[in-house]
Amino acid sequence: MNKRSLAESLKYQRKIKGFSQEELSNKTNVTVRTIQRIEKAEVNPHLNTIKLLAVALDIEVNELLPLDNPKEETIKKKWLLLLHATPLLGIFIPLCNVLIPLFIWIHKREDNPIYDKHGIKVINFQITALLLAALSFVSLLTIDKWGFLFFIATVPVCIGIVIFNIVYVLKKEKCYYPLSIPFLKFELSRSLHMLTLLLTILAFSNCTEKADQDIERLDGSKISKNSITQKIDQLANDANVQGMAVVIFNNKQPVYQHIVGYKDFPKKLPLTDTTNIYGASLSKAVFSVLVMKLVEDHIIDLDTPLESYLPKKIYEYKPLTRWHDDYSDLKTDSLYHKITARMCLAHTTGFANWRFMEPDKKLRVHGIPGTKYSYSGEGFVYLQVVLEKITGKRLEQLAQEIIFKPLQMENSSFEWKPKFENDFAYGHAKNGDPYIKDKDNEPRAPSTLETTVADYIKFLTAVLNKKIISAASYDEIFSPQIRIHSLTQFGDGSKLTTHKYNDINLSYGLGWGYLETPYGIGVFKEGHGDGFQHYSILFPESRKGIIIMSNSDNAESIYKELLDYTITEKYIPWEWENYLPYK
């Protein structure tokens, strides 16, 4: 230590501050005699004594004591090396990348400004690295492809920056840490407070992230999002499902989404949540909400015969479409005039599913309307046509005004739109060949919905949260209207009676299927067309649900196992739905 330099510096600083030796002694508890001997360069004072004097004079230590120790370079590099290298221990021991350099920085920051400067940069970078690691893990679980790349790149990049700075500081005594957030930019007390808070948050982040990655099934059991994704990928691959989207709802909100496969399998064009996809009979669920809004507005009543709203018989109207509003076949029918809106929505009109399924291709009523369940798209079309005549508006206009625009379903329609050309899904046969896309359908309430996964999520979220219509109207939709006793929904089994589904009270509501579980009711709606197979079920009381949308004829073969794994299979009538497993 250069006694002469210290003596001169102390004397100079004391005088410009206006202190006598006695006054400085009183402020520091350093004796007057010691101060006198220092100023005469008679002693080499202890470093702590110099620190006391510097504090009293409100100056930095180096303003009194220039560091000219010949061993200074070795000492400095040792501590700098520890500051920059010890964060590598964080690879093996969580949080050590911050805690060890933090300890060194607190211990050495006052010994030399370079320790303070380097310590702040190291700690800032390591906290930033922890946050990046957490974000990369979240992105891995939530962002396809890019999330994986972000995850695998984060740690190697951070380690590379640390190694670069170890070499850089040994050669140049400098450091460079890009991307750092300046957490320790402020005074020490505030910096330490912020640092403590961040470390506490990070310490609990693993538990929080794990909770966020869990899906609660109907019975309250939990399953990780990762395992669901793996299961979906495995099932889709094993059953040769060309494209599929799965969305799960917890607490009345979508909490999980995974899309696998292609919108065009031969061309390997990926399916996304904004790809237009044919909704098939998911149309009926949308139409049921639309109808209940018109019931609320007193435009129609559920139990008034529909023909009574019209000034003339339905068969007297000239058809405005190619076929679906042609009711000339009903001129000799003595039962159709009893049909109400409730019967149309509950599939009890007595109409066949479609008139072209009749042996003579003519529309007729089988049995007394309102007495027997028989799935019928024709019933929904009949209600649609009457509503169009009552309101003077076509189905598409009503749907846009009542459902799509309020819910911002900007890519949904009951008719094909030119804008869908840019991104739409082909339906695929079992062998993967695409069907020809049907683009010339006239709007029909039970079957022509064009939508996207993202849009239909908005619709189901609104249903779970009882938007668009009142809670009372949803209660009406989700009330059993007719008990179902058939063995299957379609085919030969639809003519056979069974008690197999008594435990779940399998029934039909208004536009939605209905069942009961110990965890509350379930309401479901399927969709089935050439190359498109969809299934949705909501549990309003349990605030849960799932939607599966697929553009593959193989999809329904995995629905039993997929529903069992993700939400529940025990209460879902998969045999009635004919969801026969692929194995």
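Worth saying up front: this structure is predicted, and the values here are computed from it rather than measured.
Counting only residues at least two apart or on different chains, no salt bridge (Lys or Arg N to Asp or Glu O under 4.0 Å) pair has a member in residues 509-538. The stretch residues 432-471 participates, sequence neighbours left out, in these ring-ring contact (aromatic ring centres under 6.0 Å, His included) pairs: Y456-F459. The stretch residues 541-550 participates, sequence neighbours left out, in these salt bridge (Lys or Arg N to Asp or Glu O under 4.0 Å) pairs: E216-K544.
Contacts of D297 classified as salt bridge (charged side-chain N to carboxylate O under 4.0 Å, His left out), with partners at least two apart in sequence or in another chain: K293. Residues satisfying the ring-ring contact (aromatic ring centres under 6.0 Å, His included) criterion with Y375, sequence neighbours excluded, are H347, F490. T451 meets the side chain to side chain donor-acceptor pair (under 3.5 Å) test with S412; sequence neighbours excluded. The side chain to side chain donor-acceptor pair (under 3.5 Å) search around S288 returns W512, not counting sequence neighbours. Contacts of Y559 classified as ring-ring contact (aromatic ring centres under 6.0 Å, His included), with partners at least two apart in sequence or in another chain: Y579. Among residues two or more places apart in sequence or in another chain, the side chain to side chain contact (heavy atoms under 4.5 Å, CB included) test is passed with D438 by D440, N441. The ring-ring contact (aromatic ring centres under 6.0 Å, His included) test applied to Y177 returns H84, F125, not counting sequence neighbours. The side chain to side chain contact (heavy atoms under 4.5 Å, CB included) search around P266 returns D264, H428, P434, not counting sequence neighbours. Evaluation of the side chain to side chain contact (heavy atoms under 4.5 Å, CB included) rule for I484 yields Y373, S486, L506, Y508, W576 as partners, not counting sequence neighbours.
For the side-chain hydrogen bond (donor to acceptor under 3.5 Å, both in side chains) test with T275, the passing option among T452, N551, D423 is D423; the others fail.
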